[in-house]
Amino acid sequence: MSAVIIVLIILVVLVFIALIKTIQVIPQASAAIVERFGRYTRTLNAGLNIVVPFIDTIRNRIDLREQVVPFPPQPVITQDNLVVNIDTVIYYQVTDARAATYEVASYIQAIEQLTVTTLRNIIGGMDLERTLTSREDINAALRGVLDEATGKWGIRVNRVELKAIEPPTSIQDSMEKQMRADRDKRAAILQAEGVRQSEILRAEGEKQSAILRAEGESRAAALKAEGEAQAVRTVFEAIHAGDPDQKLLSYQYLQMLPKIAEGDANKLWIVPSEIGDALKGLSGALGNVAPGAAAPSFTKDVPSARREEPTVD
C-alpha cells in the first residue's frame with residue numbers, strides 16, 4: 001500500500017513539473033527561442049504560451065527594449081600620427097530574436113569590435129583638429145557602418161555617441177596655450193578696433209563742429225554785411241531825400257576820413273583826388289561865415305542851406 005502511495009506522489013510531482021514546463025509566461029517586450037530536439041521551432045512572444053514538456057526547450061530569452069552599451073576608451077591614431085582615446089556609447093535594439101540568437105555568437109562583443117575597427121578607419125583619415133570638431137560627422141559615419149553590418153544579426157543601431165575625445169597631455173597643453181594666445185590676439189584686435197573707431201568718431205565730430213562753426217561765422221558775416229549795406233542804403237536814401245548841397249557833402253566826407261584811417265594795419269593812406277574838391281567847398285562855406293560867428297550846422301536844417309541858382313531868362 002505504501003508503494004502505491006509513493007508511486008502516486010511521484011506521478012503528481014511529474015504532472016506538476018510537466019505543467020510548469022508546458023506553460024511559459026513571457027514578459028512584455030521580451031521574446032524566447034524554442035528548440036525541439038536542438039532545432040529551432042518557433043519564437044515565443046509576450047504572454048502565455050504552451051510548449052511540449054521534455055521535448056521543447058527554451059534556448060534563449062531576449063530583451064526587445066532599446067539597450068545602452070558604453071564601451072571603454074579605445075586608443076585611435078589620427079592622420080597626423082597622434083594617439084587619442086575615444087569613449088563611445090551605442091544605443092541598439094533587437095528586432096529579430098532568431099537572428100540575434102543564431103546569426104552571431106555574441107552580438108554585444110561583435111558590436112564592440114566592429115565599433116573599434118570602424119572608429120580606427122574613420123579617425124585614421126582625419127587630423128587631430130578635424131577629429132575634435134567633427135563629432136557629428138564621426139557619429140553619422142559610425143552609425144551607418146554599424147547599422148548596415150548589424151542588420152543581418154537582427155539588431156538595429158539607433159544612435160552612436162562619442163562621450164569623449166582625449167588627446168595626449170602634451171597636445172592638450174599646446175592647445176591651451178594656442179587658445180590663450182588666440183584669445184589675447186582677439187582681445188588686442190578688438191581693443192585696437194575700438195580705439196580706431198573712437199578716433200574716427202572724434203575726428204568726424206570735430207569736422208562737423210568746424211563745419212557748423214564756419215557756417216555760423218559765414219552766416220554772421222553775411223548778416224553783418226547785409227546790415228551794413230542796409231545802413232548805407234538807408235543813409236544814402238536819407239541824404240538824397242534831404243537834397244543836400246555841396247557843402248554838406250564835403251562836411252560828411254571829411255567826417256569819414258578818420259574812420260578810413262582806423263586800424264593798426266593801415267600803414268599807407270591814399271588820399272583820393274576828390275578830397276580837393278571837398279576842401280574847396282568846405283573852405284568856401286567857412287569863408288562866408290563872419291569872424292566870431294558860429295559855423296553853420298550841416299547836420300540840421302539842411303534844406304535851409306540850399307542856394308538858389310539864378311534862372312536865366
Exercise. Does a salt bridge link Glu199 with Arg196, judged by any charged N lying under 4.0 Å from a carboxylate O?
Worked result: no

Problem set entry | Side chain to side chain, Ile138 and Ile86, heavy atoms closer than 4.5 Å | no

Exercise. Got a sec, which residues hit salt bridge (charged side-chain N to carboxylate O under 4.0 Å, His left out) with Arg159, two or more places apart in sequence or on another chain?
Worked result: Glu161

For this session: For Asn85 and Pro75, work out which heavy atoms get closest and say how close.
Result: OD1-CA, 3.5 Å

Problem set entry | Between CG on residue Asp87 and CD on residue Gln74, distance to nearest 0.5 Å | 8.5 Å

For this session: Check whether any side-chain N or O of Thr118 sits under 3.5 Å from a backbone N or O of Thr115 as a donor-acceptor pair, and report yes or no.
Result: no

Exercise. Hey, does Lys185 have a side-chain heavy atom less than 4.5 Å from the side chain of Ile189?
Worked result: yes

For this session: Verify the neighbour count for atom CG of Leu132: are there more than 12 heavy atoms of other residues, nucleotides or ligands below 6.0 Å?
Result: yes

For this session: Decide yes or no for Asp147 and Arg156: does some side-chain heavy atom of the first lie under 4.5 Å from some side-chain heavy atom of the second?
Result: yes

Problem set entry | Close side-chain approach of Tyr107 and Thr150, heavy atoms under 4.5 Å | no

Exercise. Can you check whether Lys163 reaches Pro73 side chain to side chain, under 4.5 Å on heavy atoms?
Worked result: no

Exercise. How about Gln230: does its CD atom have over 12 heavy atoms from other parts shown lying under 6.0 Å from it?
Worked result: yes

Problem set entry | Glu66, CD: over 12 other non-hydrogen atoms inside 6.0 angstrom | yes

For this session: Without swapping roles, check the side chain of Thr95 against the backbone of Gly154 for a donor-acceptor pair under 3.5 Å.
Result: yes

Exercise. Roughly how far, to the nearest 0.5 Å, is the CG atom of Asp127 from the CG atom of Asp80?
Worked result: 5.5 Å

Exercise. Which is it for Ile26 and Arg61 under the side chain to side chain contact (heavy atoms under 4.5 Å, CB included) test, yes or no, and what are the steps along the way?
Worked result: CA-CA 9 Å; Ile26 306 301; Arg61 294 177 182 269; 3.2 Å; yes

Exercise. Under a 4.5 Å cut-off applied to non-hydrogen side-chain atoms, are Leu162 and Leu119 in contact?
Worked result: yes

Exercise. Of all residues at least two apart in sequence or in a different chain, which pass the salt bridge (charged side-chain N to carboxylate O under 4.0 Å, His left out) check with Arg65?
Worked result: Asp63

Problem set entry | Atom CD of Gln191 with >12 non-hydrogen neighbours under 6.0 angstrom | no

